[in-house]
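Every chain is numbered from 1 and lettered A, B, ... according to where its sequence line falls, protein lines coming before strand lines.
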Amino acid sequence: MPEPANHPTSALLKWPATALLAWYDAHARDLPWRILPAAAKAGTKPDPYRIWLSEIMLQQTNVTTVRPYYEKFLTLFPNVQALAAAPDAQVMAAWAGLGYYSRARNLVKCARTLVADYHGEFPNTEAALLSLPGIGPYTAAAIAAIAFNQPAAPVDGNIERVLSRLYKLQTPMPALKAEVKQANAKLVPKDRPGDFAQAMMDLGATLCTPKRPNCLICPWREPCLARQAGIEETLPIRAPKKPKPERQGTVFWLENAKGHVLMARRPDKGLLGGMLVFPSKGWDAPNESQLPERLPGAMQNQWTPLKGEVVHVFTHFKLTLSIQAQTAPKGFRAPKGFQWVAPQDFAEEALPSVMTKIWKTVLLK
DNA sequence: CAGTCGTGGGC
DNA sequence: TGCCCAAGACT
């Protein structure tokens with residue numbers, strides 16, 4: 001890889017790490033999964049299970065969103081063995097609302113692999129961690145550094161932003177990541193790799209933010225090349241965004257005499273994989289829940305449109321759903337692949353958010 | 001490499 | 001309001 005035009009000088013390589021760690025010692029965020037520097041100094045060791053769980057939950061997700069889910073998971077599944085032994089449906093229900101549901105499926109898969117092949121212990125090398133389900137380059141390096149104090153150099157969105165500014169790296173994302181990885185590997189202090197990674201993430205989350213960074217009190221205020229050039233807010237350079245297509249579909253609300261509602265479990269792969277949803281059609285062709293066509297002929301034209309649409313924005317498309325309802329006739333059984341669910345069960349935050357919007361529209365409006 | 005995969009908060 | 005963004009992994 002060619003050296004960047006503003007390749008850091010050797011002087012710049014050394015002392016930024018020291019300055020950042022000093023800042024971290026004084027300002028580290030107190031997070032439920034974190035061992036603060038003072039406690040670490042006193043001999044407290046991180047629990048790899050908790051570090052792993054937090055890292056998976058934090059993928060593309062804010063700390064404030066993760067916190068309650070993390071606490072819930074720790075209560076329900078205090079260790080790898082408990083998680084590995086849990087039924088899939090219980091884990092998916094506990095994850096409901098957090099998004100990116102493949103993370104939850106891989107979480108269970110990983111826990112079961114650890115119990116089956118690793119005596120229930122996490123491997124302590126980056127390479128071995130990388131081989132586990134749901135653990136990619138970032139998470140493998142993060143766990144190695146934070147949980148095992150190995151000289152690994154994770155690069156997440158925060159670190160990419162922070163270092164692109166420190167070294168004024170103007171290569172657009174995603175190619176930028178390779179340059180940041182090189183620079184980062186040279187910076188990592190061998191004695192505190194975990195704290196160094198966490199320090200950069202704290203810096204990115206609290207001071208070196210995407211918009212209006214607070215350079216005034218930043219420990220890297222002086223060496224930061226982007227700030228020197230006055231272009232800190234323009235970095236990192238992102239690829240132009242693509243237009244978000246719109247889809248629309250219909251949700252079918254079928255209620256039986258007990259007041260239970262018909263639902264289906266989505267296939268493991270793809271959108272909302274493994275989650276409980278209301279039957280619908282028209283918007284996700286490969287995974288259509290073929291409900292109406294599988295109903296007795298007498299029911300097929302008994303749908304009544306309900307007032308109100310549900311709009312939900314996914315990562316790569318915007319979805320608008322209308323709702324059709326009817327009450328199932330006596331003796332009607334749930335078709336294969338479908339199940340009746342009592343409203344109190346899906347009200348316990350056990351559904352993906354888009355489906356929570358549906359039942360709230362039906363029952364509360 | 002580029003597309004897929006959720007959601008909620010901030011502005 | 002609509003857009004941007006967040007401790008990425010997988011295909």
Participant: Heavy atoms only, 4.0 Å cut-off, all strands: where does A/Leu272 land among base, sugar-phosphate and nothing?
Facilitator: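 If one applies the 4.0 Å heavy-atom cut-off, A/Leu272 turns out to touch the sugar-phosphate alone, with no base involved.
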Participant: Does B/dT7 have OP1 or OP2 under 4.0 Å away from a side-chain N or O of A/Tyr101?
Facilitator: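 Yes, because at least one side-chain N or O of A/Tyr101 sits under 4.0 Å from OP1 or OP2 of B/dT7.
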Participant: Is it the case that the side chains of A/His312 and A/Lys357 hold a donor-acceptor pair, with the cut-off being a distance below 3.5 Å and no angle test?
Facilitator: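 The criterion, which ignores hydrogens and geometry beyond distance, is satisfied for A/His312 and A/Lys357.
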Participant: For A/Val66, which contact category applies under a 4.0 Å heavy-atom criterion: base, sugar-phosphate, or nothing?
Facilitator: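 Nothing: the residue A/Val66, judged by heavy atoms under 4.0 Å, touches no strand.
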Participant: On the nucleotide C/dC5, are OP1 or OP2 found under 4.0 Å from the side-chain N or O atoms that A/Arg238 carries?
Facilitator: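 For C/dC5, OP1 or OP2 has a side-chain N or O of A/Arg238 closer than 4.0 Å.
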Participant: So A/Leu31, base contact, sugar-phosphate only, or nothing? Heavy-atom distance under 4.0 Å.
Facilitator: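 A/Leu31: base contact, heavy atoms under 4.0 Å.
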Participant: Could you state the atom-to-atom distance from CD of A/Glu160 to P of C/dC5 in whole Å?
Facilitator: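 Nearest whole value for this atom pair: 13 Å.
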Participant: Select base, sugar-phosphate, or nothing to describe what A/Gly204 touches, counting heavy atoms under 4.0 Å on all strands.
Facilitator: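 Nothing, no nucleic acid heavy atom in range.
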Participant: Give the rounded distance in Å between these two atoms: CG of A/Asn62 and C1' of C/dA6.
Facilitator: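 A/Asn62 atom CG is separated from C/dA6 atom C1' by 4 Å.
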Participant: Does A/Lys211 have a side-chain nitrogen or oxygen under 4.0 Å from the phosphate oxygens OP1 or OP2 of C/dC4?
Facilitator: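 For C/dC4, neither OP1 nor OP2 has a side-chain N or O of A/Lys211 closer than 4.0 Å.
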Participant: Looking at B/dG9, does its base get a donor-acceptor pair with the side chain of A/Thr64 below 3.5 Å?
Facilitator: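 Such a pair does not exist between side chain and base.
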Participant: Is there a donor-acceptor contact under 3.5 Å linking the side chains of A/Gln248 and A/Ser322?
Facilitator: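 No, A/Ser322 and A/Gln248 have no side-chain donor paired with an acceptor closer than 3.5 Å.
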Participant: Indicate whether OP1 or OP2 belonging to C/dA9 is found under 4.0 Å from a side-chain N or O atom of A/Thr139.
Facilitator: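 Yes.
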Participant: Looking for any heavy atom pair under 4.0 Å, which part of the strands does A/Pro154 touch: base, sugar-phosphate only, or nothing?
Facilitator: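 Here A/Pro154 touches no strand at all.
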Participant: For A/Trp283 and B/dC5, give me the distance from atom CH2 to atom C1', rounded to whole Å.
Facilitator: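 These atoms are roughly 12 Å apart.
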Participant: Between C/dA9, B/dT7, B/dG6, which one does the side chain of A/Thr61 approach most closely?
Facilitator: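 Among C/dA9, B/dT7, B/dG6, the one nearest the side chain of A/Thr61 is B/dG6.
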Participant: In terms of side-chain heavy atoms of A/Phe314, which of C/dA6, C/dA9, B/dG6 is nearest?
Facilitator: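 Per side-chain heavy atoms of A/Phe314, the pick is B/dG6.
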Participant: Which is true for A/Trp33 with a 4.0 Å heavy-atom rule: it touches a base, it touches only sugar-phosphate, or it touches nothing?
Facilitator: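 Contact class for A/Trp33: base.
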Participant: Classify the side-chain pair A/Thr250/A/Gln324 by whether it contains a donor and acceptor separated by less than 3.5 Å.
Facilitator: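 Distance-only check fails for A/Thr250 and A/Gln324.
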Participant: Is the phosphate of C/dA6 approached by A/Arg161 (side-chain N or O, under 4.0 Å from OP1 or OP2)?
Facilitator: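 Yes, within the criterion.
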Participant: Give me the distance, rounded to whole Å, that separates B/dG6 from C/dT11 when you measure between the P atoms they each carry.
Facilitator: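 Nearest-Å result for B/dG6 against C/dT11 at atom P: 14 Å.
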Participant: Strictly by modelled atom types, are A/Glu55 and A/Tyr138 linked by a side-chain donor-acceptor pair under 3.5 Å?
Facilitator: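 Yes, A/Tyr138 and A/Glu55 have a side-chain donor paired with an acceptor closer than 3.5 Å.
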Participant: Whether A/Arg161 and A/Asp156 form a salt bridge (side-chain N of Lys/Arg under 4.0 Å from carboxylate O of Asp/Glu) is what I want to check.
Facilitator: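 The answer is no: the pair does not qualify as a salt bridge.
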Participant: If we count only N and O atoms by modelled type, under 3.5 Å, do the side chains of A/Gln198 and A/Arg34 hold a donor and an acceptor together?
Facilitator: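 Present: a donor and an acceptor within the cut-off.
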Participant: Measure the distance from CD on A/Glu55 to C1' on C/dA9 and round it to the nearest whole Å.
Facilitator: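 Distance, rounded to whole Å: 13 Å.
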Participant: If we ignore angles and hydrogens, is there a donor and acceptor under 3.5 Å between the side chains of A/Trp220 and A/Glu222?
Facilitator: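 Absent: no donor and acceptor within the cut-off.
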Participant: Is the phosphate of B/dT7, meaning OP1 or OP2, less than 4.0 Å from a side-chain N or O of A/His312?
Facilitator: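 So the side-chain polar atoms of A/His312 do come within 4.0 Å of the phosphate oxygens OP1 or OP2 of B/dT7, strictly under.
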Participant: For the ring pair A/Phe148 and A/Phe122, is the centre-to-centre distance below 6.0 Å?
Facilitator: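 Centroid separation for A/Phe148 and A/Phe122: 6.0 Å or greater.
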Participant: Nearest whole Å is fine: how far is B/dG8 C1' from A/Tyr69 OH?
Facilitator: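 In whole Å, B/dG8 C1' lies 10 Å from A/Tyr69 OH.
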Participant: If I take atom CZ in residue A/Arg105 and atom C1' in nucleotide C/dT11, what distance separates them, rounded to the nearest angstrom?
Facilitator: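 Distance check: A/Arg105 CZ to C/dT11 C1' gives 13 Å.
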Participant: Please determine whether a side-chain nitrogen of the Lys or Arg among A/Arg266 and A/Asp284 lies less than 4.0 Å from a carboxylate oxygen of the Asp or Glu.
Facilitator: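 Salt bridge flag = yes for A/Asp284 with A/Arg266.
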Participant: With respect to the phosphate group of B/dG8, does any side-chain polar atom (N or O) of A/Ser353 fall under 4.0 Å of OP1 or OP2?
Facilitator: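 True: A/Ser353 side-chain N/O within range (under 4.0 Å) of B/dG8 OP1/OP2.
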Participant: Give me the distances for all protein-to-nucleotides 1-4 of chain B N/O pairs that come in under 3.5 Å?
Facilitator:
unit_1, atom_1, unit_2, atom_2, d
B/dG3, OP1, A/Lys242, NZ, 3.0
B/dG3, OP2, A/Lys242, NZ, 2.4

Participant: For the side chain of A/Pro210, starting at C-beta, report the closest nucleotide among C/dC5, C/dG8, B/dT7.
Facilitator: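 Looking only at side-chain atoms, A/Pro210 lies closest to C/dC5.
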Participant: Rounded to the nearest angstrom, tell me the gap between atom CG in A/Leu351 and atom C1' in B/dG6.
Facilitator: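 That distance rounds to 14 Å.
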Participant: Between B/dG6 atom P and A/Ile56 atom CD1, what is the distance in whole Å?
Facilitator: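 Rounded to the whole Å, the gap is 15 Å.
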